**Student:** 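Questions regarding the structure given below will be posed in turn.
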Amino acid sequence: MSERIPGDSEQWQRLSPWALLILFLGGLLRFVRENLPLVAGAGAGAALLEQIGLRELGLALTLILLIAGLISLLYYRRFRFRLDGDVLVVQRGVLERREVKVSAERVQHMALEQPVYMRPFDVVRFSLDTPGGATAEVELPGIRRELAERLQQRLERARGEAVGDDDPAGAAESARTPSPPLFRIGPLGLTRHGLASNHAYVIAALLAPVLQPLERMAMRNPELLAELPWLERAAESPWLALSVTVVALLLVLMLVSVVVAWLRFYGFTLVREGSRYVQYSGLFTRQQQTLSAAKLQSLEWVQTAVGRGLRCGYLVCHQYGLSAGPDTAGQHFLVPGLRQSEGPTLGAVFWPGSGDEAAGALELGYQRVHRLYRRVVALRLIVIAAVLALIFLGLTGFPGWLALIGVGAVIAWPVAWLRWRAVAWRRSGRFLCVRRGLLGRRTTLFPLEKVQAVTVQQSWVQRRRQLATLHLQLASGPVVVPFIPLATARAVANEALYRVACRPSLPLGAEQQPGDQAEQGQEEQDQNP
Amino acid sequence: MAFSNAPVDPEALPRLEAQSLQPVSRRFAPYQLISRFLGLLPLGFIAWLLPVMTGVPMALRPVLLGGVGVLLVVSPALSWLEARRRAWAVREQDVTYHSGLLVQRTTVLPFVRIQHVETASNPVERAFNLVRLTCFTAGGAGGDLVIQGLEREQAERLRQYLLDRIQGHADASDEPPPEASDGV
């Protein structure tokens with residue numbers, strides 16, 4: 001079944017020469033994006049300093065660009081890769097030579113990305129994701145598209161054979177004949193996603209250091225404002241000025257958000273090819289991401305606060321590895337701009353063979369947790385308010401801070417009630433679904449056999465009422481169901497442990513019934529007193 | 001791929017709550033006491049130095065020291081009580097660990113989820129001949145199970161058993177899981 005890929009991948013290969021451009025520009029962009037506050041502050045500060053003339057600025061910029069260019073050239077010269085059977089070997093590094101070996105069965109996520117300036121040359125950036133820590137991602141920044149796709153196919157096939165896929169040839173067949181897309185986004189969906197995303201706050205936080213220099217510039221050049229008489233009148237009343245500024249800022253942020261959503265998700269299409277899911281998206285930078293169905297750990301249906309008002313949200317497909325960062329980082333397998341009704345239906349599609357169970361878990365009525373949760377949350381809020389009040393009282397000596405306790409006592413109960421209402425969960429066959437979140441909502445759906453470990457936790461208050469908090473640890477992070485009856489928590493934990501140990505994929509598990517295991521356990525207990 | 005999804009009767013499942021857990025070594029409680037005391041001692045130095053270094057008035061020093069003193073008595077006592085209640089158990093398919101005093105938690109980790117097992121001990125633990133066993137999973141640092149308070153020989157046997165189970169060499173019915181019957 002080994003297809004002779006003409007010429008290439010067995011020997012050491014270099015990146016395409018056009019990769020230099022990708023490395024240079026991509027490196028600069030990444031540096032700016034990661035250090036945006038620093039760059040914005042430095043740029044704004046430098047622009048306003050009268051001592052620095054244009055010549056010095058130009059010189060400094062040229063120096064920076066030269067250094068970046070040198071680093072990219074060195075990186076390009078030192079970078080080489082090859083496919084050694086099932087293992088992709090990559091050697092890279094400017095100062096520190098590093099060799100990374102990735103075996104096909106460890107790969108859980110593949111992505112092909114093509115920036116707009118690479119389209120004439122048909123060069124893509126190929127990246128692999130494996131379960132692991134910081135060094136889990138391997139990237140080939142600039143290879144020909146055919147080579148990238150062949151690598152992808154070889155790795156897919158090798159992984160399918162290693163995992164025991166019974167029909168790799170069939171998978172390849174269905175890959176060549178594309179099935180109808182599972183989901184394709186439209187302009188309304190894009191706009192909704194942009195409006196609802198939390199991007200705006202992140203951008204606002206990053207742009208905060210730019211506001212002060214702008215303000216100074218405005219005050220130093222009042223003739224700019226003279227052109228707009230209505231603005232001058234508005235500036236006279238402070239409240240009006242404040243509200244106008246806030247509204248203007250919000251509009252700008254929303255516009256930026258929508259533009260970013262359009263750029264990133266334009267033409268988003270989701271298809272299933274054999275045992276994997278592929279998404280294509282992007283306006284200028286075209287992206288293609290692959291997710292293997294077997295590596296899917298949990299599915300999350302996310303609705304931000306604004307999204308709940310607009311009745312839209314997005315799905316996140318979690319694999320191994322904690323995804324604690326914002327979903328906008330571009331690394332997660334994300335299905336954006338889904339309507340409230342579409343989300344759960346699409347979610348069920350990701351679990352082939354159990355679609356009805358999964359849909360049932362997401363859509364139908366939820367169970368609430370015990371009422372005691374309300375009281376506990378309210379008391380926690382009051383205690384926090386009291387501690388804060390005491391701290392401020394100690395720091396400033398102003399007795400008015402004690403009023404904070406009163407305020408806390410008043411708002412704690414409604415907030416606690418809202419939080420209690422927000423938590424809900426549901427069991428449906430082998431799926432568990434947990435919904436949390438006060439303003440935004442996150443609903444996590446996963447089959448019990450993906451659980452890594454279970455913890456049943458009881459505080460002394462819960463012990464008196466026979467309640468417990470259930471922690472289910474997944475490879476993609478913990479899922480917590482608070483304040484459920486102790487018997488239910490134990491039942492779910494027991495079933496999860498059973499399903500983990502006796503998964504249908506294991507040859508032993510398919511025929512074994514709980515009754516057999518209980519008998520074995522009984523014998524074991526009889527033998528070992 | 002043969003896929004079966006028969007319904008599972010909850011009553012017939014093995015119960016995690018029906019296990020009889022073995023308590024950890026008796027030396028763990030004094031170790032916890034001393035460890036917590038030593039950990040809180042720097043607070044005493046800070047309380048002593050705070051009025052001198054910052055603008056806090058000197059009259060507050062006895063109050064601060066008193067507070068730290070109370071803490072130095074109550075906290076180790078609580079950890080001593082908590083350490084006596086810790087327990088663990090091993091079944092055919094998983095390992096269980098129970099800990100906590102006011103907030104009690106029972107964690108069960110199936111063997112198929114353990115990626116790697118490690119033992120470690122700091123100098124105080126070595127003085128008490130105790131060892132800490134860590135079972136690494138795919139869930140990140142929060143998902144790892146740390147079993148504290150095992151005797152050295154016991155920990156070594158448990159570690160070997162877990163490693164064998166991970167590699168699938170041992171058959172559960174042949175090699176019984178290690179027990180605390182001979183260790184004190």
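The structure displayed is predicted, hence computed values, not measured ones. Lettering follows sequence order; numbering is per chain, from 1.
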**Student:** With a 4.5 Å cut-off on side-chain heavy atoms, are A:His471 and A:Pro478 touching?
**Tutor:** no
**Student:** Using non-hydrogen atoms and a 4.5 Å limit, figure out which bit of A:Val451 sits close to chain B: side chain, backbone, both or neither.
**Tutor:** backbone
**Student:** Would you check, one step at a time, whether the test side chain to side chain contact (heavy atoms under 4.5 Å, CB included) holds for B:Val117 with B:Leu133?
**Tutor:** CA-CA 7 Å; B:Val117 180; B:Leu133 189 86; 3.8 Å; yes
**Student:** Can you name the nearest heavy-atom pair linking B:Pro42 to B:Leu38, along with the distance?
**Tutor:** CD-O, 3.4 Å
**Student:** Any chance the side chains of B:Asn129 and B:Arg152 put a donor and an acceptor closer than 3.5 Å?
**Tutor:** yes
**Student:** Is any side-chain heavy atom of B:Leu16 closer than 4.5 Å to a side-chain heavy atom of B:Arg91?
**Tutor:** yes
**Student:** Using the six-membered ring wherever Trp is involved, compare the ring planes of B:Tyr31 and B:Phe128 and label them parallel, tilted or perpendicular (cut-offs 30° and 60°).
**Tutor:** perpendicular
**Student:** Start with the C-alpha distance between A:Thr469 and A:Val481, add both sets of side-chain angles, then the distance that settles side chain to side chain contact (heavy atoms under 4.5 Å, CB included), and finish with yes or no.
**Tutor:** CA-CA 6 Å; A:Thr469 298; A:Val481 189; over 6 Å; no
**Student:** Top residue by heavy-atom pair count (under 4.5 Å) with chain B, among A:Glu495, A:Gln452, A:Gln462, A:Gln458?
**Tutor:** A:Gln452
**Student:** Residue by residue, scan residues 97-111 of chain B and write down, ordered by number, those that have a heavy-atom distance under 4.5 Å to chain A; if none do, write 'none'.
**Tutor:** B:Leu101, B:Leu102, B:Val103, B:Gln104, B:Arg105, B:Thr106, B:Thr107, B:Val108, B:Leu109, B:Pro110
**Student:** Tell me, out of A:Leu486, A:Val461, A:Asn494, who's got the most heavy-atom pairs with chain B below 4.5 Å.
**Tutor:** A:Asn494
